[in-house]
Chemist: 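Please find one structure pasted underneath; my questions will follow.
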Amino acid sequence: MTEAYGAAFAVRWMETVAAAVDREAGRLTELDAAIGDADHGANLRRGFAAVADALAKEPPATPGGVLVAAGRQLISTVGGASGPLYGTLLRRAGKALGDGEAVTRAELADALTAGVAAVGQLGGAVPGDKTMLDALVPAVAALPESFAAARAAAGEGALATVPLRARKGRASYLGERSVGHQDPGATSSALLFAALAEAAEEEAEGAAG
Ligand code: ADP
Ligand code: MG
């Protein structure tokens, strides 16, 4: 049987991200303090809280609509580089999903792949530049296999940023001194995909129970 994921699933995903970035804000900010300006946790906490609020007030009817609305909130509420980048990821993915009431994991993987490509276009980074793309690219590549594989790939991608030298974003100003630190954005991208897997597990439990 092919599972289908609707608007409620997409909302749960975004709520789970909001809870995760709230819980992990201190760690994200600590990572950003080492190679950036110590605002990544606060940026994402504010952004995803606004996303959860907007979705609770006016829940869109389709998963695509949910992601477009979430992306729009991030773009308008987050001042740092990560807001427009994550906003573009979700908005582009939501547009790619179109107006179907439910989507398959394969469709979600295609849509998020388009979203990640848009992040690359907007920020001009490629994998290996020590950015969120180092987690996002392997995650969307693994998503056709399973949600759990995407979560694992994102986590490994984030860890793999430690020895890299940053070539994009604020951390790139540090040059060699960016080596030896995990990228904050790759770390939050791992949270995004961990939340997706968590939401999918809850969905499966709901379907079974
Ligand atoms: P800012 O750098 O403006 O303070 P944040 O601290 O919220 O914004 O986000 C920093 C993260 O954004 C970095 O760790 C990196 O993963 C990501 N990032 C920055 N610039 C780019 C870029 N050009 N392409 C992709 N990701 C980027
Ligand atoms: Mg920052």
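In each ligand, atom 1 is the first atom listed, and ligand 1 is the first ligand listed.
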Chemist: Is it true that Gly36 lies under 4.0 Å from ligand 1, counting heavy atoms only?
Modeler: no
Chemist: Check ligand 1 against Gly80 and write out every atom of the ligand that is under 4.0 Å from a heavy-atom position of the residue.
Modeler: 3 (O), 8 (O)
Chemist: Among residues at least two apart in sequence or on other chains, which ones pass side chain to side chain contact (heavy atoms under 4.5 Å, CB included) with Ala200?
Modeler: Phe9, Phe147
Chemist: At a 4.0 Å threshold, what atoms of ligand 1 neighbour a non-hydrogen atom of Asp32?
Modeler: 6 (O)
Chemist: Does at least one non-hydrogen atom of Leu133 fall below 4.0 angstrom from an atom of ligand 1?
Modeler: no
Chemist: Can you find a pair of side-chain heavy atoms, one from Lys95 and one from Val68, that are under 4.5 Å apart?
Modeler: yes
Chemist: Of all residues at least two apart in sequence or in a different chain, which pass the side-chain hydrogen bond (donor to acceptor under 3.5 Å, both in side chains) check with Asp134?
Modeler: none
Chemist: For atom 19 (C) of ligand 1, grab the closest protein heavy atom and report residue, atom and distance to one decimal in Å.
Modeler: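 Result: Gly169 CA, 3.8 Å.
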Chemist: Quick check: Met132 and ligand 1, any N/O pair under 3.5 Å apart?
Modeler: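 Checking ligand 1 against Met132, an N or O pair does fall under 3.5 Å apart.
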Chemist: For Asp37, take its heavy atoms, then give the atoms of ligand 1 lying under 4.0 Å from any of them.
Modeler: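 Taking each heavy atom of Asp37 in turn, ligand 1 has 4 (O) under 4.0 Å.
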Chemist: Below 3.5 angstrom, do we get any N/O pair linking Gly123 and ligand 1?
Modeler: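 So ligand 1 has an N or O lying under 3.5 Å from an N or O of Gly123.
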Chemist: Do any N/O atoms on Ser82 end up under 3.5 angstrom from N/O atoms on ligand 1?
Modeler: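 Yes, since at least one N or O of Ser82 sits under 3.5 Å from an N or O of ligand 1.
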Chemist: Are there any protein N/O/S atoms under 2.8 Å from the Mg ion (ligand 2), and if so, which?
Modeler: Asp32 OD2, Asp37 OD1, Asp39 OD1
Chemist: Less than 4.5 Å apart, any side-chain heavy atom of Val140 and any of Leu136?
Modeler: no
Chemist: Is it the case that ligand 1 has an N or O less than 3.5 angstrom from some N or O of Val119?
Modeler: no
Chemist: Please state which protein non-hydrogen atom is closest to atom 10 (C) of ligand 1 and give its distance, to 0.1 Å?
Modeler: His40 ND1, 4.0 Å
Chemist: Which of the numbered atoms in ligand 1 are under 4.0 angstrom from any heavy atom belonging to Asp39?
Modeler: 4 (O), 5 (P), 6 (O)
Chemist: Which pairs, with at least one residue in residues 160-173 and sequence neighbours excluded, count as a salt bridge (Lys or Arg N to Asp or Glu O under 4.0 Å)?
Modeler: Asp37-Arg170, Asp129-Arg167, Arg165-Glu176
Chemist: Should you measure from each heavy atom of Gly185, which atoms of ligand 1 turn up under 4.0 Å away?
Modeler: 13 (C), 14 (O), 16 (O)
